[in-house]
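Chain letters run A, B, ... following the sequence lines, proteins first and then strands; every chain starts at 1. The figures that follow rest on heavy atoms only: side chains count, while hydrogens, waters and symmetry mates do not.
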Amino acid sequence: MLQVTVIKQKPDWVKERLAIRNFKNPELVDEIIALDDERRATQTAFDTMQASINSASKNIGQYMAQGNKEEAERLKASIAGNKAEATRLNEQLATIEKNLQGKLIMLPNLPADRVPAGKGAEDNVVVREGGKKPQLPENALPHWELIKEYNLVDFETGAKITGSGFPLYRGNGAKLQRSLVQYFLDYNTSKGYTEYLPPFMVNEASAYATGQLPDKEGQMYHVTEDNLYLIPTAEVPVTNIYRDVILKENELPIRMTAYSPCFRREAGSFGKDVRGLNRVHQFEKVEIIQLVLPKYSYNVLDEMVHHVEGLVQSLALPYRILKLCGGDMGFTSALTYDFEVYSAAQQRWLEVSSVSNFESYQTNRMKCRYKDADGKMQLVHSLNGSSLALPRIMACLLENNQTEKCIRIPEVLQKYYGSAMIM
RNA sequence: GGAGAGAUGCCAGAGCGGUCGAAUGGGACGGUCUCGAAAACCGUUGUAUGGGCAACUGUACCGAGGGUUCGAAUCCCUCUCUCUCCGCCA
């Protein structure tokens, strides 16, 4: 979340930035400032009261030690009123703080300077395109047909076992998934990311720290019996490794990668946009996460974009990179680049990665800090990106590489898949 | 799931109603010494928040939340987690 000091120093600028992402209650900013003033005043009053009680208690102790009972009793009686007042002030303080916290977490991150204003996907800016769109024959099939033809994914049985949107990969389809996961992880670790295999459920504190709560409450699967959430991305457990951690400056940057299944309720979507593997409730993804010094975070963001770009290029897929406009960015992000690959048979772009700089938004919630050269506590910056989300990559690979009698496997993947084609 | 033990600072580990933000040891950092290093010795080694330009100072924090008390790391209750044993189990 945003730091109160920043909000208080530049309230107009904060509102201006929030407007870039179409935030609809800028009055929250003023409410937060007022509440913080109230908090300070109450804190001061409480501290004073408590100090008087503490010093009286000390004196009572001394009187007791001296055997001066009457004086001790007299003092006790004299601070009874202070005690009641201190209790009242303390409760008031707790209420104010809770209130303040509640409002603070409703503020999204501020878009970076270079974020274009805009309402939705149509206002995103194409940064660059790469790769070559294939010329497919007239009778080219969309991936949901190819999947049937080559017996790679069985949606019906997945629906029988669990429900719609839970694909059952089988045979070469399952193997292709495994090859992709392994290739992606190898690619990431070869560039200095440390591999993790995190828990696939997280507690409330973790979901809150990375910003899924309270913003995306209904989009996560919630295991109510144990009050745990199925992760929507490995970002959540992996970033939380560093919750409540104070780092040394020389421990940064921290570079992590993890494979995980991702669970998303995505209530209310249906239609042709969600056919086949385009949108599902459970999918596989490999994620990269970095914790870095603030002064480097935008360089690191560029580096991560290039990292993901290299991965997409290695798969020989046509792609484009978008800079998201304010209205389309995630709640916690300051700047996001999306990667889309071109699915030739569907003739549409599919999002396969989202690379974001969260600046100190997540780390402020998480309390992940480092000590700078002057010994002052500073918030670390966090970033993450998909490298990559599997189902749409698979959809694109199948569609773009189909031939009359087989589906060709990209060269980099062949040693993982163990063959040059799916027959 | 059953029985027991525990949770204290970067780590280990004392403290079991007042003078404890917390002994002691280790580590880390700075210094003296040295050509340099080791050893030895000296010093430093919280977090949050309030007030103050600052020096400094108030308050809170000994797993979390409640309670008893003038006063709680210390006593009571609830929860969470860890460890040991048993059961179950990939």
Expressed in angstrom and rounded to an integer, what is the separation of [X] atom [atom1] from [N] atom [atom2]?
{"X": "A:Lys248", "N": "B:C29", "atom1": "NZ", "atom2": "P", "result": "9 Å"}
{"X": "A:Asn227", "N": "B:U80", "atom1": "CG", "atom2": "C1'", "result": "13 Å"}
{"X": "A:Asn250", "N": "B:A28", "atom1": "CG", "atom2": "C1'", "result": "11 Å"}
{"X": "A:Asp244", "N": "B:C61", "atom1": "CG", "atom2": "P", "result": "18 Å"}
{"X": "A:Asn82", "N": "B:U59", "atom1": "CG", "atom2": "P", "result": "14 Å"}

Could you identify the nucleotide paired to [N], looking across every strand shown and requiring Watson-Crick or G-U wobble geometry with both distances under 3.5 Å?
{"N": "B:U68", "value": "none"}
{"N": "B:C56", "value": "B:G51"}
{"N": "B:U32", "value": "B:A40"}
{"N": "B:G9", "value": "none"}
{"N": "B:U19", "value": "none"}
{"N": "B:U45", "value": "B:G27"}
{"N": "B:C62", "value": "none"}
{"N": "B:U84", "value": "B:A3"}

For this session: Starting at the 5' end of nucleotides 64-73 of chain B, put B wherever the base has a protein heavy atom under 4.0 Å, S where only the sugar-phosphate does, and a dash everywhere else.
Result: ------BS--
For this session: If a protein heavy atom is under 4.0 Å from the base, mark B; if only from the sugar-phosphate, S; if neither, -; do that for nucleotides 44-53 of chain B going 5' to 3'.
Result: ---SSSSS--
Is NZ or CZ of [X] both nearer than 6.0 Å to the six-membered ring centre of [Y] and within 45° of the ring axis?
{"X": "A:Lys191", "Y": "A:Tyr187", "value": "yes"}
{"X": "A:Arg178", "Y": "A:Tyr416", "value": "no"}
{"X": "A:Lys216", "Y": "A:Phe331", "value": "no"}

For nucleotides [N] and [M], find the distance between their [atom1] atoms and express it as a whole number of Å.
{"N": "B:A23", "M": "B:C79", "atom1": "C1'", "answer": "31 Å"}
{"N": "B:G65", "M": "B:U74", "atom1": "P", "answer": "13 Å"}
{"N": "B:G66", "M": "B:C88", "atom1": "C1'", "answer": "35 Å"}
{"N": "B:U44", "M": "B:G26", "atom1": "C1'", "answer": "16 Å"}
{"N": "B:A28", "M": "B:C83", "atom1": "C1'", "answer": "29 Å"}
{"N": "B:G87", "M": "B:G15", "atom1": "C1'", "answer": "38 Å"}
{"N": "B:A73", "M": "B:C20", "atom1": "P", "answer": "12 Å"}
{"N": "B:A60", "M": "B:G21", "atom1": "C1'", "answer": "11 Å"}

For this session: Supply the atom-to-atom distance A:Asn82 CG to A:Leu89 CG, rounded to the nearest 0.5 angstrom.
Result: 10.5 Å
Exercise. How many angstroms lie between atom CG of A:Leu180 and atom CG of A:Leu413, to the nearest 0.5 angstrom?
Worked result: 5.0 Å
For this session: Could you pull out the closest heavy-atom pair between A:Phe358 and A:Asn109, with the gap in Å?
Result: O-ND2, 3.1 Å
Seminar exercise, completed: Minimal heavy-atom distance between A:Val380 and A:Tyr370, with the atoms involved, is CG2-CD2, 3.7 Å
Exercise. Between the main-chain N or O of A:Ser354 and the side-chain N or O of A:Ser386, is there a donor-acceptor pair closer than 3.5 Å?
Worked result: yes
Exercise. Sub-3.5 Å donor-acceptor pair from the side chain of A:Arg369 to the main-chain atoms of A:Met377, do we have one?
Worked result: no
Exercise. So do the side chains of A:Lys248 and A:Lys371 get within less than 4.5 Å of each other, counting heavy atoms only?
Worked result: no
Problem set entry | Nearest-nucleotide 5' precedence on RNA chain B, A:Gln62 against A:Gln50 | A:Gln62
Exercise. Do A:Arg255 and A:Glu303 pass the salt bridge (Lys or Arg N to Asp or Glu O under 4.0 Å) test, and can you show the C-alpha distance, the side-chain angles, and the key distance before you say yes or no?
Worked result: CA-CA 12 Å; A:Arg255 298 147 67 86; A:Glu303 173 210 305; 2.9 Å; yes
